[in-house]
Amino acid sequence: MARHLLSRNLFGFTRGYQDSKRLSKHTCCGGTDPSNLNVIHDRQNQRFTITLDSGGAVSSAVLKYTISHDQVELMSTEVPQSHRGKGVAARLAKAALDFVVEENLKARISCWYIRKYVDENPHLRYQTHIEDQ
């Protein structure tokens, strides 16, 4: 179903895991600097996750997707209220869309935020991988 990529860390997210047991947990500072956020791609559970630490209170931001053959449906992004507006959802969207491009997949977008991200970042050239609904 999903193709195997070589394991490597690029643009702050980790790919190529064969199962979720190998996933590690990462935390970031309470200030939420988007460039320091580690995005974890959990292929088995079809999600991208960022673990957030706000002064000892740990929470997660999640982008969920489904994959079938050569098509991905980017379904939703969820960011805790305390981290909204700080670039967390943008990091998740970029990681998911980079995955789509690297795997040469087509994407359907069900999430309003991911659609907005694609529209606001035409220079990243994700549009050629997006199927209009």
**Study point:** Tyr117 vs Leu124, side-chain contact (heavy atoms from CB on, under 4.5 Å): CA-CA, chis, key distance, verdict
**Key:** CA-CA 10 Å; Tyr117 182 84; Leu124 297 175; 3.6 Å; yes
Exercise for review: Go through the steps for Tyr113 and Glu78 under the test side-chain contact (heavy atoms from CB on, under 4.5 Å), then give the verdict.
Suggested key: CA-CA 10 Å; Tyr113 180 82; Glu78 300 170 19; over 6 Å; no
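Note: Ile109 CD1 to Ile130 CD1 = 3.5 Å, rounded to the nearest 0.5 Å. A distance of 10.0 Å separates CG of Asp98 from NE2 of His129, quoted to the nearest 0.5 Å. His41 NE2 to Gln44 CD: the interatomic distance, rounded to the nearest 0.5 Å, is 11.5 Å. One finds the CG atom of Leu105 at 5.5 Å from the CZ atom of Phe99 (value rounded to the nearest 0.5 Å). In this structure, the separation between NZ on Lys86 and CZ on Arg91 is 16.0 Å, given to the nearest 0.5 Å. A distance of 7.5 Å separates CG of Asn104 from CG of Asp70, quoted to the nearest 0.5 Å.
Between Met75 and Cys111 the shortest heavy-atom distance is O-CB, 3.4 Å. Looking at every heavy atom in both residues, Tyr65 comes nearest to Arg47 through CE2-N, 3.3 Å.
One N or O on the side chain of Asp42 and one on the backbone of Asn45 form a donor-acceptor pair closer than 3.5 Å. Under the 3.5 Å distance criterion, the side-chain polar atoms of Lys106 are matched with a main-chain donor or acceptor of Thr128.
A single hydrophobic cluster is seen to contain both Trp112 and Val72, as judged by linkage of ILVMFWY side chains at heavy-atom distances under 4.5 Å, directly or through other members. Hydrophobic clustering places Val39 together with Val101 (ILVMFWY residues linked when any side-chain heavy atoms are closer than 4.5 Å, directly or through intermediates).
By the 4.5 Å heavy-atom criterion applied to side chains, Arg43 and Ile67 are not counted as neighbours. Looking at Leu74 and Leu97, their side chains come closer than 4.5 Å, going by heavy atoms from C-beta outward.
Applying the side chain to side chain donor-acceptor pair (under 3.5 Å) criterion to Arg84, with sequence neighbours excluded, gives Gln81. Residues satisfying the side chain to side chain donor-acceptor pair (under 3.5 Å) criterion with Gln71, sequence neighbours excluded, are Glu131.
Exactly one of Pro80, Ser60, Ser82 qualifies for a side chain to side chain contact (heavy atoms under 4.5 Å, CB included) with Leu52. That residue is Pro80.
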